[in-house]
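Note that this is a predicted model, so its numbers are computed, not measured. Just so it is clear: chains get the letters A, B, ... in the order the sequence lines come, proteins before strands, and each one is counted from 1.
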Amino acid sequence: MTGDDIPLQVDGICASYQGVPAIDNVSLRLRRGSITTVIGANGAGKSTVIKCICGLVPTDRGKVRLFGQDVTGMPPDELVRRGLSVVPEGRRLFSDMTLRENLELGAYTRSDATAVARDLERVLTLFPDLRDRMSTMVNRFSGGQQQMVAVARAMMSAPRVMLLDEPTIGLAPVIVERIGNLIGEISRSGVTVLFVEQNAEIALEIADDAYILESGKVIAEDTAANLAQTDEVKKAYLGV
Amino acid sequence: MSRQMMAKPLLGAAALMVGGLLIGGAGPADTIRLGLSLPLSGGGAIWGKGTAWMCDKAAAQINKAGGVNVQGKVYKVACVAYDNKYTAAGGASVAHTLLDRDGIKYVLAMGTAPILATQSLTERQGDLLFNLSWGKATKGPKFPLTFDVFNSPAEIGPAIIKFIAKTYSSAKTVVMLNVDDATGRETEAIMRPMWKKAGYRVLASMFYERGTTEFQPTALRLASYKADIIDLPTLPPPDAGKVLKDLQTLGVKGVKILDDGTSASAVEATSGRSALDGVYMGAAIPIDGPSFDARQRAISKEAKAAFGDPVNLVNISGYDAMQELVAGIEKAQSLNPHAIAKALPTVHFKSFYGDVGFGGAAAYGVNIQPLLPVYVTQVVNGKLVDRAKVAVSGK
Amino acid sequence: MRRRDHIVWLAGGLIAVAATRLFQDAYSISVVNLVFIACLFAASFRFVMLIGEMSFASAAFVGVGAYGAGVATTLLHWPFALAMLVGPVVATLVSIGFGLIVLRIKGPYFMLIGFAFAEAVQIAAAQIQVIGGPSGMVGIFAPRILDAWMQSFVAAVVVTALYLLYRLEWSDFGRLLGAIQNNDNVARTVGVNVLGAKVTCFAVASFMAGLAGSLTAFVNNVIAPSDFGFMLANFALVYVKVGGERSLFGAVAGATVMVLLSSYSIVLGASNELFYGAAIVVTILLMPQGLAGLVEKIRLRLMAPKAVRREA
Amino acid sequence: MMSATFVQLVIISLEIGSVYVLFSLGLTLIFGIMKVVNFAHGQFFAVSAILVTILVPFLAAHGLPVLPAYFLATATTVAVTVMIGWGVYQFGLVRFLRDMEGAFILTLGLAMLSDGLMLSIFGGAPRPEPVIVPGTVRIFAVAVLAQHVVVFGAAVCITGALYWSMTATRLGKALRAIASDHEAAMLQGIPYRRLSRDGFLIATALAAIAGALMAPISEVTPAVGNDYLMNGFMAVVVGGLGSVPGAILGAMFIAVIEAVGGYYVGPSAATMAIFVMVIVVLLIRPRGLLGRA
């Protein structure tokens, strides 16, 4: 299969913090245009998977391929240039900068001003309530709005693959639903999406494919629909 | 650049450093060594380097003239200079290295704090100390093995005050500024009573911390007293330069004195020529004046080329200490520090200034002070002009 | 701490103290004294690093220790044992007060506040004429009985202090400090009195810094405010990093190497500062993890073939 | 009514403040971007000041009028200093990004090394200072050295330019993003290491410009950088590490204490007051006056 069909492929990566293993032999395959989710409990290693892919945490072993090319250990800024975009855990906005500046920085790698302006317009159509607050410092926004800003910022680099680290954590149910719709929207615009989630219910509802991570290992993978039907998942993750 | 490529030059540097460790150590047995504990880094380095250079100069001259003859045996002389960083702890380290490791019996130390540390060893172990500090606390009958090498405020002060009293008879008030360290405090403790005794009113005496970069507030405060005389005894040249420049900007007219001012050129570098004009100095050598000859001027010129300062009261001490030591050894006909200490008050030695003997009992209780002339100089258009040469009396 | 550790410490300590008898000439004795005192100060500095902070205020506490010894000996004529301890005790009390106020502040701010404190104390000490002002104090001698034994006395005091620091580090309290270093918010949420633990750590370190100061005073016999500027703490940090901060032995090794280097470099005269600076730069570039890191690397390299074999 | 002394003290505060601002801007920039405290910052200042005192007379001797000579000397000096800064970054600091302890020791070693080198190359004697803008200017009947007015003007311009470029240019915004969260910045495609280098070189250039500006009014010795360093640290920490407006505010804070304290209580007490006041401010605002929580 070519890199075009599998924009992001992760082969048996392992990572550790100060000698303590965090993830062990994790492999993922993202189909082009699909939404993939990795679900797991707190501390299962979900965030580490994202950080290894985007180069923030070094991998001890294994390979990450972006559009067929080996990008293991590449610094994040280089990956952004190659079409990857990340909504990090905890949003990580530039808190003492304005919304406009945050979005501009999202488009840092791009030099085509007209295209950037077009994308800004598109983003503001998606998030209409941000439109008149362009000069506001982002630390004045509510938690849900900040999450929207983080997604909007990630969209500004015109990515072909987007990773989201726990996008719904700590948000009110109504916002969680909006985020869910948003991920679908992004996917429909042709972006391949991977997001890790603790909230298995919403994750399995949105995603096409799903992986379950336990103690740093992938213990199950299937289509989201199939996984949602298994008894273990129902019991352990959906609380049914 | 890869790590490995980086490692090579770094390893090379490390090897060089290890090589550096092997330099130094004990000298040959027929050499009399004078240990020098001097500031060779930081702000005081200029004085330390100059003093070491002048010591080497004296040693070269003595060796050329045949060395030192002690009971038929001829010795060469040499100077060994280490960095005391102008601190007590640095002074202690240097003293241990000079006295205990290198086995040197005679030390010249500069700076009150390092001298205190050195003296506690030399007096206990029976070594000779040449004391290069402005203060009085480390000199006197309590320290039988400690000798002075230059004129300090105890000698300079009276000469300057006498000259000022004669020249500016209407002047009645003084303000003082000193650096807030051992040197500054000790000097102030000598100078202030001296002014008072001479009938002046000391309106204020201030201190500032070493490392101060801005002097405008201090200058403004100095100016606010409207004193007839502004006395800046211990200011290092750059600080003196800044204060003078700021005083000039404020339009302060009074008589300005740098009692320990050693070099007009060093102050002028910072003050500019006009701000220094008319300032009196107590420790500068009017080398171009009538008191000095071509031989001395040649040394001064060489010194200026070597380390950036002409000869001055401080660095001449390197020269004079060596001469004092040699004269003492020859007179005692012994290398024993006690014997030399006994002989020294009675010797005459070839000081840079000429042939001088010892005195100083009036100030210190014992004759440990070489009777060097004091030159009161005034800076006129960047040049030092001899205003008064005072021979320090031997009483 | 395991039983074996105690035995190793006892044996190692005795050997270290006994080894000081090998040095009988005055120069070697002076260097040995400096080395041991530097080890103690480095260990004290490192102890604060256990909570993730760099305390440049330590320089001032060394000064307090030294002045305590100076005042007790030359002005009050107290017995030697008391003179040894008064400085450290005062340093501890001051550090508790100072710590309660400033240990709420972290990282670079704490570090620079330490700078300011060291400078302010240094200037203040120079203003007090009873303790000699900027000239400092002279004639701080240990009893004559100790004359021939000073280096062994210093070694014994330092080894004992290091042992206590080591015990503390490997106690529950030490583990708590480690937790605070990792994340004091987490520690706080599980109900730990974080400030209390930090202040305790700081106080212990300051006691040891004060002890290093007392020893300095009795070894040098002369002290002055300028000896206790922030550069002193800078060098403590250098010792810790050169040796490797992960263990107490790293700090000890670093202090030993760097003090020996600095003692040797005196012979370079005017170039000594250049040399010492170059030594620091070269060391930190070649061994970012310090001597301990180097040892570890060598150990790993020696063991590497085995590991590869096992994998194959 | 404004008394003459009051006007004097205001002017002196501005004079001193502008000097500290020039020195602190680079320090705060380096801290913001690399999260390290640069102990060698003063060395760049000293190298630059020394080079200017060598180059200006040299160029003047070759027939250049003093102002062009000074500008040419400053340009050369800044270029040389930035090249040294590049070496320091590339072969040293790059390994210690965000490692406060490691970077502190490295820069401490470099500062000692450079102290020693400068002392052996240039000697310890104060270097004769070039007179660039001679004479005094009267402001509200108070005489001020013309060169001080130049330094003040330069400080205002440089600070303004820096502030503008940090808020309005792509590089400036990227540097602020790095200062705010370097990982998040990398996730936007901002090349952290390359921009850290650029930020460090800008800071180096600022130190060099400050050195060149100060050469005619400060002392010029190898040790001069260290003298400014301590007050530079205090200014930056009081204002809030990493904050450009904070550095300005901190510098003015220190300057006012130094001016007012120095005049009314005396210089030694003023120096101590600076340290005490810095501690007090940090107790009230643990991240400085304008630092972020």
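The shortest non-hydrogen separation linking D/F275 to C/A120 is CB-CB, 3.9 Å. Considering every non-hydrogen atom in both C/G277 and D/M112, the closest pair reads CA-CB, 3.7 Å. Annotation for C/P108 and D/F31: closest pair CG-CZ, 3.3 Å, computed over non-hydrogen atoms. Annotation for D/R95 and C/L285: closest pair NH1-O, 3.2 Å, computed over non-hydrogen atoms. The minimum heavy-atom distance linking C/L274 with D/S120 is given by the pair CD1-OG, 4.2 Å.
The side-chain heavy atoms of D/P286 and C/R104, taken from C-beta on, include no pair separated by under 4.5 Å. Using a 4.5 Å heavy-atom cutoff, the side chains of D/S268 and C/Q127 are in contact.
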Full working for side-chain contact (heavy atoms from CB on, under 4.5 Å) between C/L112 and D/L282: CA-CA 10 Å; C/L112 290 172; D/L282 287 188; 5.9 Å; no
CA sep, side-chain torsions, deciding dist, call: C/I105, D/L283, side-chain contact (heavy atoms from CB on, under 4.5 Å): CA-CA 8 Å; C/I105 296 166; D/L283 294 179; 4.0 Å; yes
Full working for side-chain contact (heavy atoms from CB on, under 4.5 Å) between D/V237 and C/I113: CA-CA 8 Å; D/V237 77; C/I113 233 180; over 6 Å; no
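To the nearest 0.5 Å, the span separating CZ on D/F96 from CD1 on C/I284 amounts to 4.5 Å. In this structure, D/F233 CZ and C/E119 CD are separated by 11.0 Å, a value rounded to the nearest 0.5 Å. To the nearest 0.5 Å, atom CD1 of residue D/I279 and atom CZ of residue C/F98 are 5.5 Å apart. Here D/E101 contributes atom CD and C/K241 contributes atom NZ; the two are 4.0 Å apart, rounded to the nearest 0.5 Å. In this structure, NZ on C/K106 lies 7.5 Å from CZ on D/R287, to the nearest 0.5 angstrom.
The neighbour count for D/R98 CZ, taken as heavy atoms of other residues, nucleotides or ligands under 6.0 Å away, is above 12. Atom CZ of C/R188 has more than 12 heavy atoms from other residues, nucleotides or ligands within 6.0 Å.
Proximity to chain D (any heavy atom under 4.5 Å) is shown, for C/A270, by neither the backbone nor the side chain. Contact of D/V37 with chain C is made through the side chain alone, with heavy-atom distances under 4.5 Å. With a 4.5 angstrom heavy-atom cutoff, C/A126 does not touch chain D via any of its atoms. With a threshold of 4.5 angstrom between heavy atoms, D/L108 approaches chain C through side-chain atoms but not through N, CA, C or O. Contacts of C/I280 with chain D are made by side-chain atoms alone, with heavy-atom separations under 4.5 Å and no backbone atom involved. Looking at C/F117, both its backbone and its side chain come within 4.5 Å of chain D, counting heavy atoms on both sides. Only the side chain of D/M234 comes within contact range of chain C, with at least one heavy atom under 4.5 Å from a heavy atom of that chain.
Comparing C/N234, C/I101, C/V102 by heavy-atom pairs within less than 4.5 Å of chain D, the highest count is held by C/N234. In terms of heavy-atom pairs under 4.5 angstrom with chain C, the leader among D/G240, D/A111, D/G109 is D/G109. By number of non-hydrogen pairs under 4.5 angstrom with chain D, the leading residue of C/V121, C/V242, C/V238 is C/V238.
A parallel orientation is assigned to the rings of D/F39 and C/F115, their planes being inclined by less than 30° (bins at 30° and 60°).
Contact annotation for residues 242-262 of chain D against chain C (heavy-atom separation below 4.5 Å): no residues qualify.
You'll find the ring centres of C/F56 and D/F104 inside the 6.0 Å limit.
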